[in-house]
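Right, one structure below, let's go through it.
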Amino acid sequence: MRMDLREIINEATSRLTASRIENAQVEAEWIVAHVLSKDRSLLYATPPHEITPSEHDCIDKLVRRRACSEPLQYVLGSIEFLGCQIQVAPDVLIPRPETEWIVDTTICETRNSPFAILDIGTGSGAISIAFARHWPDTLVVGLDISPEALKAADTNCRANRCDNVRLVRASLHALPLYQGLFDLIISNPPYVKTSDLESLTPDVRDYEPHLALDGGLNGTDSYASIASHAHRFLTCAGRLVLELPGTDPSPIISLFERSEYGCHEVQHDLAGKPRLLCMQKSA
Ligand SMILES: C[S@@+](CC[C@H](N)C(=O)[O-])C[C@H]1O[C@@H](n2cnc3c(N)ncnc32)[C@H](O)[C@@H]1O
């Protein structure tokens with residue numbers, strides 16, 4: 001027996017509301033639109049306005065997962081990042097709008113196409129893919145320690161037809177030698193203090209990989225390693241762009257206050273938080 005579209009959306013909305021999901025109706029509509037392979041904005045405008053029992057089953061399963069706090073992006077399986085479709089699963093961090101803003105800002109502030117870019121902690125590959133699509137002649141190296149993340153990044157590179165990305169398994173604490181190769185090094189490293197992991201919201205704490213979040217005792221372990229080594233991989237006047245946690249950036253900036261970098265520029269995101277640290281290597 002076919003069921004009415006609005007009834008199904010109302011039912012899903014009630015279930016998500018009961019599970020304290022904010023924007024329950026919008027999320028219910030995303031789930032229904034996903035199952036029906038429709039654009040959410042056209043959900044009510046185009047037929048069918050009825051749903052088959054098997055579609056209802058699918059919707060029901062996805063709503064249950066979301067009601068248990070699993071992030072909507074994992075439930076739907078993908079996210080849009082600067083116009084690229086990026087598949088996400090609990091093996092990889094969900095790319096954030098702040099990171100999208102950092103990549104967009106970096107692209108806008110770069111005059112000439114870089115020869116080579118290094119993306120440290122590539123995760124789903126979102127940053128590497130956005131750069132690779134914008135600069136198809138640039139070599140982009142995406143590095144991560146997690147084999148699962150590299151597998152996801154590989155899938156995403158293929159789906160986005162990026163043949164200028166090379167994926168490398170390595171630790172940012174022991175970077176492979178790329179002496180003076182990159183005009184741009186970018187990283188959104190793990191930056192949550194280990195002691196803060198437990199107090200993250202359940203959708204992040206219980207579903208996203210802690211490897212992608214845990215920045216050590218002070219949240220600065222990854223920045224300290226990048227500060228020790230990254231300058232050797234930059235060309236003369238190459239730039240290092242880092243995502244910041246959005247709190248007081250001075251402990252991180254102090255790690256980079258050495259002669260290798262000429263200036264430190266902090267930019268604030270759309271919410272007014274310090275989010276981007278850009279440094280240029282002294283010639
Ligand atoms: C905050 S996530 C960023 C993911 C992606 N770049 C993004 O912005 O959505 C940090 C990434 O660093 C990786 N990572 C954690 N420890 C690492 C290490 N020691 N060496 C290399 N990568 C590491 C994690 O696997 C994760 O993919």
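What you see below is based on every heavy atom in this structure, not just the backbone, and it leaves out hydrogens, waters and symmetry mates. Whatever order the structure lists them in is the order used to number ligands and atoms, beginning at 1. We number each residue from 1, following the sequence as shown.
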Original post:
Going hydrophobic residue to hydrophobic residue with side-chain gaps under 4.5 angstrom, can you get from Leu143 over to Val165?
Top reply: no
**OP:** For ligand 1, find out whether one of its N or O atoms is nearer than 3.5 Å to an N or O atom of Asn188.
**Re:** yes
**OP:** Below 4.0 angstrom from a heavy atom of Thr122, which ligand 1 atoms are there? Numbered from 1 as shown, please.
**Re:** 5 (C), 6 (N)
Subject >> Pick from Pro147, Ala212, Pro209: the one approaching atom 1 (C) of ligand 1 most closely through a non-hydrogen atom >> reply: Ala212
Original post:
To which protein heavy atom is atom 15 (C) of ligand 1 closest, and what is the distance rounded to 0.1 Å?
Top reply: Leu211 O, 3.2 Å
Original post:
Is the shortest distance from a heavy atom of Ser171 to ligand 1 less than 4.0 Å?
Top reply: yes
Original post:
Would Pro190 count as a contact of ligand 1 if the rule is a heavy atom under 4.0 Å away?
Top reply: yes
Subject >> Partner of Arg239 by side-chain hydrogen bond (donor to acceptor under 3.5 Å, both in side chains), out of Asp183, Thr110, Thr106 >> reply: Thr110
**OP:** Among all protein heavy atoms, pick the one closest to atom 22 (N) of ligand 1 and tell me residue, atom and distance.
**Re:** Ile145 N, 3.3 Å
Subject >> Part of Thr99 with heavy atoms under 4.0 Å of ligand 1, whether side chain, backbone, both or neither >> reply: side chain
**OP:** Provide the number and element of each atom of ligand 1 under 4.0 Å from a heavy atom of Gly123.
**Re:** 4 (C), 27 (O)
Original post:
Quick one: which ligand 1 atoms are inside 4.0 Å of a heavy atom on Ile127?
Top reply: 6 (N), 8 (O)
Original post:
Looking only at protein heavy atoms, which one is nearest to atom 9 (O) of ligand 1, and how far off is it?
Top reply: Pro95 CA, 3.6 Å
Subject >> Aromatic plane relationship, Tyr223 with Tyr191 - under 30° parallel, 30 to 60° tilted, over 60° perpendicular >> reply: parallel
Subject >> Within 6.0 Å of OH in Tyr207, more than 12 heavy atoms from elsewhere >> reply: yes
**OP:** List in chain and number order the residues that pass ring-ring contact (aromatic ring centres under 6.0 Å, His included) with Phe182, two or more places apart in sequence or in another chain; answer none if no residue qualifies.
**Re:** Tyr178
**OP:** Working to the nearest 0.5 Å, report the span between CG of Asp119 and CG of Leu167.
**Re:** 9.0 Å
Original post:
Between Arg64 and Asp60, does at least one N-O distance fall below 4.0 Å, as a salt bridge requires?
Top reply: yes
**OP:** Report yes if some N/O of Asp144 lies less than 3.5 Å from some N/O of ligand 1; otherwise report no.
**Re:** yes
Original post:
What atoms of ligand 1 come within less than 4.0 Å of a heavy atom belonging to His173?
Top reply: 19 (N)
Original post:
By number and element, which atoms of ligand 1 are closer than 4.0 Å to a non-hydrogen atom of Ser146?
Top reply: 25 (O)
Subject >> Residues in ring-ring contact (aromatic ring centres under 6.0 Å, His included) contact with Trp135, at least two apart in sequence or another chain >> reply: Phe131
Original post:
Is it true that Val266 and Phe256 fall in one hydrophobic cluster, defined by side-chain heavy atoms closer than 4.5 Å?
Top reply: yes
Original post:
How far is atom 6 (N) of ligand 1 from its nearest protein heavy atom, and which residue and atom name does that atom have?
Top reply: Gly121 O, 2.8 Å
Original post:
Between Ile252 and Pro245, which heavy-atom pair has the shortest distance, and what is it?
Top reply: CD1-CD, 3.6 Å
Original post:
By number and element, which atoms of ligand 1 are closer than 4.0 Å to a non-hydrogen atom of Ala170?
Top reply: 20 (N), 21 (C)
Subject >> Salt-bridge criterion met for Arg96 and Glu208 (N-O under 4.0 Å) >> reply: yes
**OP:** Indicate yes or no: does an N/O atom of Leu172 lie under 3.5 Å from an N/O atom of ligand 1?
**Re:** yes
